[in-house]
K.L.:
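This is the structure I have questions about; it appears just below.
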2 protein chains.
Amino acid sequence: MSSRATQPALKTPVSANGKRGGNGKARHREQDIEVGLDGLVGHAGYAVRRFQIWIFQDFIRTLAAVDIKPTQYSVLTVIGANPGLSQMAVAKRLGIERARLVHLLDSLEDRKLVRRVQSRTDRRSHALHLTARGQASLRQFKLLAAEHERHVAEKIGAENREHLLRILAAFT
Amino acid sequence: MSSRATQPALKTPVSANGKRGGNGKARHREQDIEVGLDGLVGHAGYAVRRFQIWIFQDFIRTLAAVDIKPTQYSVLTVIGANPGLSQMAVAKRLGIERARLVHLLDSLEDRKLVRRVQSRTDRRSHALHLTARGQASLRQFKLLAAEHERHVAEKIGAENREHLLRILAAFT
DNA sequence: AACAATTGTTGTCGTCAACAACAATATTTC
DNA sequence: GAAATATTGTTGTTGACGACAACAATTGTT
């Protein structure tokens with residue numbers, strides 16, 4: 001109809017730039033030829049999604065040695081800052097479902113980082129506490145998380161990171 | 001038993017704010033009492049995750065009438081802007097796996113929005129095109145997506161949204 | 001012609017959100 | 001105080017999603 005602009009990438013894969021014909025060294029270079037995103041560029045959701053994927057991957061990589069993923073870290077942090085919280089309270093605060101928190105806590109309890117103590121004020125609920133080992137571990141996790149945060153600052157710029165935190169402060 | 005009344009969150013910061021003492025009208029207000037997040041506040045990943053959840057929910061809600069979700073919208077947009085692209089090219093550009101794109105395209109093709117045309121230059125691949133209906137629909141989807149984008153601007157501020165898009169431009 | 005790589009497809013596995021249902025316990029209401 | 005209602009933790013199901021592996025058809029390479 002109108003804009004055939006950026007070449008479909010199928011016919012005439014690569015024309016100028018004889019990357020392909022020479023010796024058999026250039027491998028799979030076909031369609032990173034500049035595929036237009038059109039409307040997506042102006043969409044905050046798309047940018048945020050891609051950024052979130054990147055940031056989570058870096059977090060997981062940076063804390064791979066201690067095998068702690070973002071959600072686990074958030075749970076440990078909240079319990080560490082508010083000992084005795086119920087599972088419901090933690091779930092509500094972090095925006096995860098209590099059904100899901102059950103498995104998360106099972107795992108953390110198996111690793112002796114968290115303890116479910118029977119609450120005497122409400123025998124339905126569990127009071128969550130970090131074990132001594134959990135507290136020591138969390139200190140180490142926070143060091144690694146700070147390193148991850150430095151990666152973020154390197155990626156987007158320290159002042160941009162600060163600005164972004166301010167912009168999104170309402171969502172924490 | 002009787003004195004503790006409603007404070008399962010054992011040693012929570014609580015404080016004043018007598019939300020509870022009066023008549024028995026206040027329902028389930030137990031632990032939205034200000035649960036500290038401690039270290040999480042300074043973490044970009046946490047803020048970005050929460051924001052991403054909010055923004056996707058608003059997108060889904062705003063486009064619920066046409067039953068289009070963010071991923072579907074991104075696929076339609078890319079195909080619309082680059083007709084004839086192969087599935088591999090679309091998957092690469094959007095960072096989704098080609099295995100997953102198969103199901104996405106199955107759905108979109110069932111709805112007569114997209115067509116898989118046998119490419120004559122490479123009989124393995126399909127050239128992706130929007131149908132006439134797909135093009136008309138996409139125009140409507142973009143109007144709704146723009147409305148969603150206005151919700152984002154209302155939520156975080158128009159200039160903050162602009163700034164955020166600039167900061168994250170590298171990830172699109 | 002023989003070999004390797006790519007494309008679309010199917011399937012599996014593990015993570016995750018959203019629900020529904022349930023037993024044990026607490027709270028409310030009569 | 002007993003009955004009705006609500007909440008907490010738990011188990012299970014469903015569907016979306018990413019990461020892989022395997023495969024047939026086709027293309028590229030040597």
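Everything numeric here is computed off the predicted structure, so don't read it as measured data.
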K.L.:
Would you kindly give the CE-to-C1' distance between A/Met88 and C/dA24, to the nearest whole Å?
P.N.:
16 Å
K.L.:
In whole angstroms, how far is the P atom of D/dT8 from the CZ atom of A/Arg116?
P.N.:
16 Å
K.L.:
Taking CG from A/Leu101 and P from D/dT7, how many angstroms apart are they, rounded to a whole number?
P.N.:
18 Å
K.L.:
What string of B, S and - do you get for nucleotides 18-27 of chain D 5' to 3' if you count protein non-hydrogen atoms under 4.0 Å?
P.N.:
SBB-B--BBS
K.L.:
Might you list the N or O atoms of the protein lying below 3.5 Å from N or O atoms in nucleotides 1-5 of chain D, with each pair's distance?
P.N.:
none

K.L.:
Output the rounded distance in Å from CG (A/Asp67) to P (C/dT15).
P.N.:
10 Å
K.L.:
Using the side chain to side chain contact (heavy atoms under 4.5 Å, CB included) criterion, which residues pair with A/Glu147? Sequence neighbours excluded.
P.N.:
A/Thr62, A/Leu144, A/Arg150, A/His151
K.L.:
Using whole Å, what does the distance between atom C1' of nucleotide C/dA23 and atom NE2 of A/His126 come to?
P.N.:
13 Å
K.L.:
Taking atom C1' of C/dA17 as reference, at what distance in whole Å does atom CG of A/Leu104 sit?
P.N.:
12 Å
K.L.:
Rounded to whole angstroms, how far apart are CG on A/Leu85 and P on D/dT8?
P.N.:
12 Å
K.L.:
I need the B/Arg49 CZ to A/Thr172 OG1 distance, nearest 0.5 Å.
P.N.:
12.5 Å
K.L.:
Take B/Gln87 and B/Val102, measure what side-chain contact (heavy atoms from CB on, under 4.5 Å) needs, and give me the verdict at the end.
P.N.:
CA-CA 8 Å; B/Gln87 299 187 192; B/Val102 172; 4.1 Å; yes
K.L.:
Below 4.5 Å, heavy atoms only, C-beta onward: do B/Leu76 and B/Leu130 meet side chain to side chain?
P.N.:
yes
K.L.:
Once salt bridge (Lys or Arg N to Asp or Glu O under 4.0 Å) is applied, what residue pairs with a partner in residues 98-111 of chain A remain, sequence neighbours excluded?
P.N.:
A/Asp67-A/Arg111, A/Asp106-A/Arg116, A/Glu109-A/Arg116
K.L.:
Any side-chain N or O of B/Gln87 under 4.0 Å from OP1/OP2 of C/dT9?
P.N.:
yes
K.L.:
Kindly compute the distance separating CG (B/Leu94) from OG1 (B/Thr71), expressed to the nearest 0.5 Å.
P.N.:
8.5 Å
K.L.:
Can you tell me the distance, in whole Å, between the CZ atom of B/Phe56 and the P atom of D/dA16?
P.N.:
15 Å
K.L.:
Who pairs with A/Gln135 by side chain to side chain donor-acceptor pair (under 3.5 Å), at least two apart in sequence or on another chain?
P.N.:
none
K.L.:
State which residues pass side chain to side chain contact (heavy atoms under 4.5 Å, CB included) with B/Lys155; sequence neighbours excluded, sorted by chain then number.
P.N.:
A/Phe171, B/Trp54
K.L.:
Might you work through the side-chain contact (heavy atoms from CB on, under 4.5 Å) test for B/Phe51 and A/Ile167, ending with a clear yes or no?
P.N.:
CA-CA 10 Å; B/Phe51 180 52; A/Ile167 292 177; over 6 Å; no
